[in-house]
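See below for the structure under consideration.
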Amino acid sequence: MGKFSRRDFLKGSAALGALVGVGTGVGSSFKKTKKASAAGNTKQVFSACPRNCYDTCSIVTTVGDGTIKFITGNKNCTYTNGRLCVKGYTYPNYVYSPDRVKYPMKQEGRGTGKWTRITWDEAFEMIANKIFEIKKEYGSTLPIALNKYSGTFNTLSYGIEGTLSSIGYTTRAQGTPCWPAGIDSQTFDFGTIVNSDPEAMIHSKYILVWGANPAWNSVHSMNILQKAKENGAKVVVIDPILTDTAANADEYIEIKTSTDGALALGMAKYILDHNLHDMDWMRKNSVGYQEYLNYLNNNITLEWASEKTGIPVEVIERLAREYAAAKPACIWIGYGMQRHTNGGAAVRSIDALAAMSGNVGVLGGGANYAQLDSWLVNYSAMSMSPPEGSGGGADRMININNFPAQVLDLNSGDPNKIPIKMLWVAGRNPIAQDPETSVSYKAFDSIDFVVTADLWFNETVAQSDLVLPISSIFETWGVHASYWHYWLHINEPAIDPLYETKCDVEIAMGLSKKMNEMEPGSCTYPTDRTMEEWAAMEISQDFLNSKGMTSYKDLLKTGTAKVEGYDAAWADGVFRTPSGKYEFLSEKCASFGHHALPVYVEAKEVPTDRPIRLLTPHWKYGLHSQFQNLSWMQSVHNEPFVEIHPELAQKKGIADGDMVKVHNHIGFVELRAKHTLTVPKDAVVIYEAWYKDQKFNVNYLVEATPADMGSCATGQAGLAFHDQFVNIDKL
């Protein structure tokens, strides 16, 4: 299949016992790994957090007598600067938790909890027999599906994609639930996603944090925002929720949910009317600017923007005036605000605001969303070719955001459709995290054989026939890069794998060996490399050359190195669009069924029988269904709750602490109400998480509603997570 590009990553399935001490620092600098103590029993190695997180920390792990004794951040990385987040500091608890999946195990009856320990050889034989059975019955491996995403972004975790590629053409869950509408928007405008180095925000004079909450989800960026404030910058947060980030900003602007595009267009109209736009920049660097300016003149008024957003006209005027006058000014576009049926259109309007004000390509400016230019890796673990004579001709893609419904359709008994007979789940907990949980259970029930590779006995594992124990980052090699900052990290094993855990590449190699023993030539995955050799293959030679390195071993000296040249994204004025310029008017956008210009798209209509919006943001102490299951985290937050504004609660007769039923047309949940002034008066907030010992799951209320964009860059539309509507009643 050859070398994989970052575009392939976007269009693929991802394309992430003992209580020991943690600390905040063990020295000012770390130049070498394996720094021996006087006793000779202690060493330090570099690890890399592979979670789906902005901050992507490089870690220094101190090991003594084969046990993790201490972890802290790597000061060689100036973005994280030697610090971790609260989740990161709990990693030793993560590794040594007694709840880990320790051995391959098979379950007698899904959901029964009747697990039996088996050997790896038995597990590989079970899987191989099922693969051979399917190939014999259907003439191909298309009835075998992979549902994998971002539970770990360690590049060796892409061994599971390679596993399925090496047995034949299969069915893949394509797309991403997370960020596709915004990716498409910036692909249409700039040519791809490239943000300025977040460390360069210290040069900004005005920062709009638009729909992001770094105080919870990118804590190291808060230090950068603080430094910018000390340098004289004003930080303004635009969000429907009064977040911790908003509480620490200079100003908080509460906006009606899903009206962000109207605010951006209103600000742009004021800037245009008062001749504060940068006409020279637009003439030199863009196409379609005149059509965009005409749209503003003919369609946008500040009174209209105020009515849509709930923000007073005078506030929009002041915000626009301050933003245009401050040079440079930057906008941080968060992922939450694009999870709507008009989210992609909103991001295009924000991009246009940055461009027309001349804040693109300047140090401290930009419309900063995400980047993948630091992912200078080869994806060798996934770049496999199928065996000769594989039936099917190509992989079959189905939407990761509507995976259960599409599985049920394929398994409906229609003789013209090839069903899903086997499912492999890795790096995901779809029963807990996918929308329409009831449909997910039905989809799993329709599949003959389910294999899940995980660290924990979560809801998805409970609905599986076979669970494979996965090693943690401290027990394997790896390479990891951020989609926000520009540092690339190497991960060296700190300890030997506990129990019988393996990483995805080891599993791929073991299965390949077993399949070829049983049927020679049936699997192409290599079996003659060490994990260190696999990790060395992942780091691109271009990256090594740019850093003056000759091999991956040079990276082991510092644990991390920075991809340079991104202080100001698009500073050279060369965009990756068809025209080579910034495109206010994008024919490519129009070819995907959207308006060529960044116009306003109406928000999803509120149903009359479900007048309350449901918002489901991330919880600060968890990451989707990770970390929350640890005993320490459970002691902080082990009971789900719904946040409700006192005015809405009074209308519903709900007192603080009452048990309530939140319900809509697809399901319901029961949980405790918590009064707070931080949420909108027409919405409730339930944080998505996995509660290990409870059956609670907010996704019983979340419909698989597609966002407006995503199919260009990732192959599938995103999810409108925040366009969900409910009713709430006291129990």
Side-chain angles (χ1 to χ4, degrees), residues 16 18-26 46-62 68-75 77 79-97 99-100 150-153 198 209 212-226 241 243-248 334-336 429 455-456 458 472-474 480 482-485 487 489 491 494 616-641 643 674 678 685 687-692:
L16 255 148
L19 181 67
V20 298
V22 297
T24 55
V26 290
F46 292 112
S47 309
C49 179
R51 308 275 79 84
N52 183 348
C53 172
Y54 282 97
D55 288 16
T56 310
C57 297
S58 179
I59 301 170
V60 178
T61 303
T62 300
I68 298 171
K69 298 295 184 183
F70 191 88
I71 68 170
T72 191
N74 181 0
K75 286 196 173 182
C77 174
Y79 173 77
T80 53
N81 197 29
R83 299 178 178 90
L84 303 177
C85 72
V86 66
K87 296 183 289 292
Y89 282 122
T90 65
Y91 261 132
N93 308 62
Y94 190 96
V95 174
Y96 294 108
S97 169
D99 293 334
R100 283 186 66 178
S150 64
T152 167
F153 274 146
V209 181
N213 185 16
W216 283 18
N217 306 129
S218 180
V219 295
H220 298 89
S221 292
M222 291 299 289
N223 185 51
I224 298 171
L225 293 177
Q226 181 59 37
I241 301 173
T243 63
D244 277 5
T245 305
N248 284 279
Y335 300 157
N429 184 2
L455 284 88
W456 316 104
N458 55 39
S472 72
I473 58 168
F474 300 96
H480 191 25
S482 170
Y483 48 73
W484 179 237
H485 62 69
W487 292 84
H489 310 316
N491 185 91
T616 56
H618 301 314
W619 177 243
K620 60 182 173 181
Y621 293 139
L623 208 165
H624 300 299
S625 63
Q626 299 183 74
F627 294 102
Q628 183 60 41
N629 60 304
L630 300 180
S631 57
W632 184 88
M633 295 297 194
Q634 287 184 311
S635 68
V636 174
H637 173 51
N638 195 35
E639 182 184 14
F641 56 87
E643 292 184 336
K674 182 180 290 187
T678 63
V685 172
Y687 297 99
E688 55 95 26
W690 169 41
Y691 299 88
K692 184 184 70 167

Point to revise | His618 backbone acceptor or donor facing Asn217 side chain under 3.5 Å | key: no
Check your understanding: Will you find, in the side chains of Trp487 and Thr80, an N or O donor that is under 3.5 Å from an N or O acceptor?
Key -> no
Review point. Heavy-atom distance under 4.5 Å between the side chains of Ser221 and Tyr79, does that happen here?
Key: yes
Revision key, fill the gap. Heavy-atom nearest pair, Leu630 first then Ser97, reads CD2-CB, 4.4 Å
Exercise for review: Spell out, as yes or no, whether a donor-acceptor pair under 3.5 Å connects the side chain of Thr90 to the backbone of Lys87.
Suggested key: yes
Revision key, fill the gap. By salt bridge (Lys or Arg N to Asp or Glu O under 4.0 Å), Lys692 pairs with (sequence neighbours left out) Asp99
Exercise for review: Indicate the ring-plane relationship of Tyr335 and Tyr483, choosing parallel, tilted or perpendicular according to the 30° and 60° boundaries.
Suggested key: tilted
Review point. Does a donor on one side chain and an acceptor on the other come within less than 3.5 Å for Tyr691 and Glu639?
Key: no
Point to revise | Student check: side-chain heavy atoms of Tyr621 and Val86 closer than 4.5 Å | key: yes
Study note, to complete from the structure: On a heavy-atom basis, the closest approach of Ile241 and Pro617 is CD1-CG, 4.4 Å
Review point. Counting only N and O atoms by type, is there a donor-acceptor contact under 3.5 Å from the side chain of Asn248 to the main-chain atoms of Asp244?
Key: yes
**Study point:** Criterion ring-ring contact (aromatic ring centres under 6.0 Å, His included) against Tyr94, the qualifying member of Tyr89, Phe474, Trp456
**Key:** Trp456
Exercise for review: State, with a plain yes or no, whether a side-chain heavy atom of Ile71 is found less than 4.5 Å away from one of Ser47.
Suggested key: no
Practice item. For Val95 and Ser472, work out which heavy atoms get closest and say how close. Key: CG2-OG, 3.7 Å
**Study point:** Leu225 vs Met222, side chain to side chain contact (heavy atoms under 4.5 Å, CB included): CA-CA, chis, key distance, verdict
**Key:** CA-CA 5 Å; Leu225 293 177; Met222 291 299 289; 4.0 Å; yes
Exercise for review: Only counting residues at least two apart or in another chain, list the ones meeting side chain to side chain donor-acceptor pair (under 3.5 Å) with Asn629.
Suggested key: none
Check your understanding: Do Phe46 and Val60 have side chains that get closer than 4.5 Å, going by heavy atoms?
Key -> yes
Revision key, fill the gap. When every non-hydrogen atom of Glu688 is compared with those of Thr616, the smallest separation belongs to CG-O, 3.8 Å
**Study point:** Any donor-acceptor pair under 3.5 Å from His480 side chain to Thr56 backbone
**Key:** no
Practice item. Give, for atom NE2 of His220 and atom OG of Ser482, the distance between the pair rounded to the nearest 0.5 Å. Key: 11.5 Å
Exercise for review: Could you grab the distance from atom OG1 of Thr61 to atom CG of Asn491, nearest 0.5 Å is fine?
Suggested key: 8.0 Å
Check your understanding: From Arg83 CZ over to Asp55 CG, what is the distance, rounded to the nearest 0.5 angstrom?
Key -> 12.0 Å
Practice item. First locate atom CH2 of Trp690, then atom NE2 of His624, and finally report the distance between them rounded to the nearest 0.5 Å. Key: 15.0 Å
Point to revise | Side-chain heavy-atom pair Trp216, Thr245 within 4.5 angstrom cut-off | key: no
Check your understanding: Out of curiosity, Cys57 SG to Asn81 CG, how far, rounded to the nearest 0.5 Å?
Key -> 11.0 Å
Exercise for review: Determine whether Tyr54 and Pro214 make a side-chain contact, defined as any pair of heavy atoms from C-beta on separated by less than 4.5 Å.
Suggested key: no
Review point. Side chains of Ile68 and Tyr91: does their closest heavy-atom pair fall under 4.5 Å?
Key: no
Exercise for review: Looking only at non-hydrogen atoms, find the nearest pair between Val219 and Cys85 and report the distance.
Suggested key: CG2-CB, 3.8 Å
Review point. For the residue pair Thr72 and Gly82, what are the closest heavy atoms and their distance?
Key: OG1-O, 3.5 Å
Practice item. Without swapping roles, check the side chain of Asn429 against the backbone of Ser625 for a donor-acceptor pair under 3.5 Å. Key: no
